[in-house]
Amino acid sequence: MTRLATDPGAGFADPVLASQSVFRGVMDALARPGSIQTLPANVAVSGPGAMSPGVAALVLALADHDTPIWLDPSLATSETANWLRFYTGAPLADDVAKCVFALIGDGRAMPPLTQFALGSDEYPDRSATLIVQIETLTEGPPLVLSGPGIRGTTICRAGGLPANIAEQLATNRTLFPRGIDLVLVCGTQLISIPRSTRVVMQGA
């Protein structure tokens, strides 16, 4: 029986077109940090277990056999591992410092950013990208973002992140061109906070 894209645990119905659409959404988010991007309805995927549709779509579009993935405890199930292997071929990393992508289902408990691969001055692309599943993109503590891709400043209100995320992101910015890129996902919406973005808590 052919599985549909809306079936639990299924992949893209049209892998090529869907991957292109998701990739464009991610690139738009990275180019305009803090702006909310909505993935097209035709790329919606029911991921395994607690994985949200947006996270599942990003993984299918971005991951492959050359991109080790680390799963936080909330997503680290045999169901998720089997789904990732089947649809992406990506190996699973046991060490947060050795992953290309980290999938974070519980943003409040995610490891400190400095524990992930930060790249080097010669190879800044050898750093990790964190895909973080969060509760809201509109009602969290206000973070003021500025830098490339932002006219003046913009406010990010992502809920479900560590209490000290502003301090962690400020430190991350000082490492540029090294550092972590974050993609925050709520349902099928996402925003990015790349390493080039300056972050402060509003009122700080």
Side-chain angles (χ1 to χ4, degrees), residues 9 11-12 19 22-23 25-27 29-30 33 39 45-120 123-135 158-165 167-169 171-173 175-197 199:
F12 288 138
S19 293
V22 175
F23 188 77
V26 174
M27 291 299 100
L30 289 168
L39 297 177
V45 176
S46 294
M51 187 183 295
S52 74
V55 170
L58 290 181
V59 174
L60 290 179
L62 300 176
D64 59 31
H65 63 279
D66 288 326
T67 58
I69 294 173
W70 181 80
L71 301 172
D72 82 345
S74 72
L75 296 176
T77 66
S78 58
E79 178 187 9
T80 301
N82 291 336
W83 184 86
L84 288 171
R85 291 190 186 99
F86 183 81
Y87 285 108
T88 72
L92 296 182
D94 294 328
D95 186 344
V96 295
K98 296 181 180 179
C99 69
V100 172
F101 295 109
L103 305 187
I104 311 293
D106 181 2
R108 288 189 176 89
M110 73 178 182
L113 300 183
T114 52
Q115 290 188 11
F116 294 92
L118 300 172
S120 65
Y123 300 102
D125 57 317
R126 294 180 180 176
S127 61
T129 296
L130 274 57
I131 301 174
V132 186
Q133 198 165 285
I134 59 174
E135 301 163 358
L161 293 171
N164 68 341
I165 190 62
E167 291 84 355
Q168 290 195 54
L169 290 170
T171 299
N172 188 58
R173 173 63 180 82
L175 301 174
F176 189 82
R178 302 163 62 225
I180 301 300
D181 297 322
L182 267 71
V183 180
L184 310 177
V185 184
C186 180
T188 57
Q189 293 188 313
L190 60 103
I191 67 172
S192 79
I193 305 179
R195 69 194 74 181
S196 59
T197 301
V199 181

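Residue numbers count from 1 along this sequence. Worth knowing before you read on, the calculation uses all heavy atoms, side chains too, and leaves out hydrogens, waters and symmetry mates.
With sequence neighbours excluded, the residues satisfying side chain to side chain contact (heavy atoms under 4.5 Å, CB included) with Ala50 are Leu75. Applying the side chain to side chain contact (heavy atoms under 4.5 Å, CB included) criterion to Thr171, with sequence neighbours excluded, gives Thr174. Partners of Ser19 by side-chain hydrogen bond (donor to acceptor under 3.5 Å, both in side chains), not counting sequence neighbours: none found. In this view, Asn164 and Gln168 satisfy the side-chain hydrogen bond (donor to acceptor under 3.5 Å, both in side chains) rule, not counting sequence neighbours. Residues forming a side-chain hydrogen bond (donor to acceptor under 3.5 Å, both in side chains) with Ser52 (at least two apart in sequence, or on another chain): Gln133. The side chain to side chain contact (heavy atoms under 4.5 Å, CB included) check on Pro194 picks up Leu30, Pro33, Asp181, Ser192, Ser196, Thr197, with sequence neighbours excluded. Listed by chain and number, the residues in a side-chain hydrogen bond (donor to acceptor under 3.5 Å, both in side chains) with Thr67 amount to none (sequence neighbours excluded).
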Less than 3.5 Å apart, which donor and acceptor atoms pair up between the side chains of residues 124-131 and the rest of the protein, not counting sequence neighbours?
| from | atom 1 | to | atom 2 | distance (Å) |
| --- | --- | --- | --- | --- |
| Ser127 | OG | Pro124 | O | 3.2 |
| Ser127 | OG | Gly179 | O | 3.2 |
| Ser127 | OG | Arg195 | NH1 | 3.3 |
| Ser127 | OG | Arg195 | NH2 | 2.6 |

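Side-chain contact between Leu184 and Leu161 is present, with heavy atoms from C-beta onward closer than 4.5 Å. When side chains are defined from C-beta on, Cys99 does not count as touching Ile69, because their heavy atoms never get closer than 4.5 Å. With a 4.5 Å cut-off on side-chain heavy atoms, Met110 and Ile165 count as touching. Under the 4.5 Å side-chain criterion, counting only non-hydrogen atoms from C-beta, Val185 is not in contact with Ile134. Using a 4.5 Å heavy-atom threshold, the side chains of Leu60 and Val22 count as separate. A 4.5 Å side-chain heavy-atom check between Leu71 and Leu84 finds at least one atom pair inside the cut-off.
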**Request:** Evaluate the criterion side-chain contact (heavy atoms from CB on, under 4.5 Å) for residue pair Ile104 and Val55; output intermediate values, then yes/no.
**Result:** CA-CA 9 Å; Ile104 311 293; Val55 170; over 6 Å; no

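A pairwise comparison of heavy atoms in Leu113 and Ile180 identifies O-CG1, 3.8 Å as the closest pair. Across all their heavy atoms, Trp83 and Pro48 have their closest contact at CD2-CD, 3.5 Å. Across Ala93 and Trp70, no two heavy atoms sit closer than the pair O-CD1, 3.2 Å. Looking at every heavy atom in both residues, Ala63 comes nearest to Thr88 through O-CB, 3.9 Å.
Summarising the geometry, atom CE belonging to Met51 is positioned 5.0 Å from atom OG1 belonging to Thr80; distances are rounded to the nearest 0.5 Å. In this structure, the separation between CG on Leu182 and CZ on Phe116 is 9.0 Å, given to the nearest 0.5 Å. One distance of note links CG of Leu190 with CG of Leu58; it measures 6.0 Å at 0.5 Å rounding.
Within the structure, salt bridge (Lys or Arg N to Asp or Glu O under 4.0 Å) pairs that include any residue of residues 54-71 do not occur (at least two apart or interchain). Residue pairs meeting the side-chain hydrogen bond (donor to acceptor under 3.5 Å, both in side chains) criterion with at least one member in residues 90-115, sequence neighbours excluded: Arg108-Glu135.
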